[in-house]
Amino acid sequence: MTRHDELLTVPQVLKELGGVSRRTFYRWRQLGRAPVCVQLPNLELRVWRSDLMAWLDSRRESS
């Protein structure tokens, strides 16, 4: 996490992922395949932008 990092809401993450559905995102969470999330006291989820970028980098396929 960097100084300029930000917490993204689930809708923001879905938008960053090109419109992945909420249902798909939560299925990925169930399967342990989603980016690391932070659960707030009100039970809402957030994702650090740096964690999302690291998760995307880890999903790259080698050519």
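Values reported hereafter were calculated over all heavy atoms of this structure, with side chains retained and with hydrogens, waters and symmetry mates removed. Predicted model only: the values in this text are computed from it and were never measured.
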> Pick out which of Val47, Val13, Leu17 makes a side-chain contact (heavy atoms from CB on, under 4.5 Å) with Trp55.
Leu17
> Let me see the working for Val10 and Arg22 under side-chain contact (heavy atoms from CB on, under 4.5 Å), right down to the final yes or no.
CA-CA 8 Å; Val10 172; Arg22 182 178 287 267; 4.1 Å; yes
> Give a yes or no on whether Arg60 atom CZ has more than 12 heavy-atom contacts from other residues, nucleotides or ligands under 6.0 Å away.
no
> Quick one: are Arg49 and Gln12 in side-chain contact, heavy atoms under 4.5 Å?
no
> Show the nearest heavy-atom pair for residues Tyr26 and Leu45, with the distance to one decimal.
CE2-CD1, 3.6 Å
> Honestly curious: do Trp28 and Met53 fall in one hydrophobic cluster under the side-chain, below-4.5 Å linking rule?
yes
> Do side-chain atoms of Asp5 reach the backbone of Ser50 as a donor and acceptor pair under 3.5 angstrom?
yes
> Measure the NZ-OG1 distance between Lys15 and Thr9 for me, rounded to the nearest 0.5 Å.
10.0 Å
> Within the structure provided, determine whether Leu8 and Arg46 are in side-chain contact (heavy-atom separation under 4.5 Å).
no
> Mind checking whether Phe25 and Cys37 have side chains closer than 4.5 Å, heavy atoms only?
yes
> Going through the checks in order, is the side-chain contact (heavy atoms from CB on, under 4.5 Å) test met by Arg27 and Arg33?
CA-CA 8 Å; Arg27 186 166 10 118; Arg33 301 188 72 188; over 6 Å; no
> Measure across Pro35 and Leu52 and return the closest heavy-atom pair with its distance rounded to 0.1 Å.
CG-CD1, 4.0 Å
